[in-house]
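Single-structure report; data block below.
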Amino acid sequence: ITEALTRNKNNGSGWLIAAQIEQEQGNHGMVSLLLRRGIECAPNDPELYRRLGEYLVGRNQYNDAREVFEKGMELNPLHAPLYHSLAELEARVFNLDGLAKLNKRAAELFHNNPMEPRPSSSQAYGTRIRAKRSRSLPDGIAALAEKIVEDEEDKLLLENIDNVD
């Protein structure tokens, strides 16, 4: 592992493996050092932040762990495991405000309601109908489109959807 890290210290996986080996051998001081060095060398690897944060949680260093998770989410906001780990930390310390903020942040990024289309999807579909490119609609599409239409002009277009040439 040492040789691999010497050759390519920018590979986050090597740091993760080295830290895991040290943890299994009970060298807890080395675990933190290796993960922190890994973050220095591979700052864009979100798993290094997650593993260091979880390690710190295991050592009851909650504030430090929170900072590490936040930094990782700042660098890679779409890495869902970081949100999960931070949510577990906030739940462990009964930080309901932190959980609410995190939930709001995740909902904005991940759009966690698949039944509610994003505004861009409905706008694109409306544009497609207006452009009269749609010759035949699959079953259920018109009903779904009715749920997302908001203004009267679009409702009129949907009522006449069978007349699209």
Side-chain angles (χ1 to χ4, degrees), residues 1-129 131 133-134 138 140-141 144-145 147-148 150:
I1 298 294
T2 305
E3 185 178 333
L5 289 174
T6 304
R7 290 184 184 188
N8 185 6
K9 63 182 177 181
N10 297 325
N11 183 353
S13 310
W15 295 103
L16 290 168
I17 292 169
Q20 182 177 352
I21 290 169
E22 293 298 330
Q23 190 167 9
E24 288 171 0
Q25 293 179 353
N27 298 328
H28 296 289
M30 284 298 293
V31 174
S32 179
L33 288 173
L34 285 167
L35 291 171
R36 289 179 192 279
R37 180 68 176 139
I39 288 172
E40 288 175 15
C41 296
N44 295 324
D45 188 326
E47 277 302 300
L48 287 166
Y49 294 91
R50 189 182 68 77
R51 287 280 289 280
L52 178 57
E54 289 181 354
Y55 174 77
L56 293 170
V57 167
R59 312 275 301 162
N60 298 324
Q61 297 174 2
Y62 301 124
N63 290 331
D64 292 340
R66 185 179 292 112
E67 287 178 22
V68 169
F69 290 139
E70 289 286 347
K71 179 69 174 171
M73 289 167 35
E74 190 178 297
L75 293 171
N76 192 336
L78 297 178
H79 191 69
L82 283 168
Y83 288 85
H84 180 78
S85 294
L86 182 55
E88 285 183 341
L89 164 64
E90 300 297 12
R92 179 180 279 193
V93 297
F94 302 106
N95 183 358
L96 299 180
D97 290 335
L99 278 171
K101 288 177 186 175
L102 184 62
N103 186 46
K104 181 180 178 187
R105 183 176 176 184
E108 289 171 359
L109 278 174
F110 297 109
H111 189 71
N112 62 359
N113 185 353
M115 297 307 293
E116 181 183 307
R118 291 179 184 246
S120 58
S121 316
S122 60
Q123 290 168 358
Y125 190 69
T127 302
R128 185 174 177 195
I129 291 173
R133 292 185 199 143
S134 175
I141 294 294
L144 178 60
K147 290 181 183 177
I148 60 174
E150 295 182 71

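Hydrogens, waters and symmetry mates play no part in the numbers below; they use all other heavy atoms, side chains included. All of these numbers come straight from a predicted model, not from anything done at the bench.
Of the possible donor and acceptor atoms, none in the side chain of Y83 sits under 3.5 Å from a partner among the backbone N and O of M73. Side-chain N or O atoms of Y49 include one that pairs as donor or acceptor with a backbone N or O of P43 at under 3.5 Å. In this structure, the side chain of N27 does not engage the main chain of M30 through any donor-acceptor pair within 3.5 Å.
The shortest non-hydrogen separation linking L48 to I39 is CB-CG1, 3.7 Å. Here the closest heavy-atom approach between residue A65 and residue G53 is recorded as CB-O, 3.4 Å. A pairwise comparison of heavy atoms in N95 and G98 identifies OD1-N, 2.8 Å as the closest pair. When all heavy atoms of Y55 and G29 are compared, the closest pair comes out as OH-N, 4.3 Å. Closest approach of E74 and R105 over heavy atoms only: N-NH2, 4.3 Å.
At least one side-chain heavy atom of V57 sits under 4.5 Å from a side-chain heavy atom of F69. Looking at heavy atoms from C-beta onward, D64 lies out of side-chain contact with R59 at the 4.5 angstrom threshold.
Considering CG of L86 and CD of E70, their distance stands at 5.5 Å, rounded to 0.5 Å. With rounding to the nearest 0.5 angstrom, the CG atom of L52 is 10.5 Å from the CG atom of L33. Atom-to-atom distance recorded for D45:CG and H79:NE2 is 8.0 Å, nearest 0.5 angstrom. A distance of 12.0 Å separates CD in E22 from OG in S32, rounded to the nearest 0.5 Å. Here the CD1 atom belonging to I21 is positioned 9.5 Å from the CG atom belonging to L34, to the nearest 0.5 angstrom. Between the NZ atom of K101 and the CD atom of E90 there is a distance of 9.5 Å, given to the nearest 0.5 Å.
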### Message
Run V31 and L35 through side-chain contact (heavy atoms from CB on, under 4.5 Å) and show every step you take.
### Response
CA-CA 6 Å; V31 174; L35 291 171; 3.9 Å; yes
### Message
Pair R50, E54 - check salt bridge (charged side-chain N to carboxylate O under 4.0 Å, His left out), show working.
### Response
CA-CA 6 Å; R50 189 182 68 77; E54 289 181 354; 2.9 Å; yes
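In summary, the side chains of N60 and Y62 do present a donor paired with an acceptor at a separation below 3.5 Å, with no hydrogens or angles considered.
With salt bridges taken as basic N to acidic carboxylate O contacts below 4.0 Å, one links R37 and E40.
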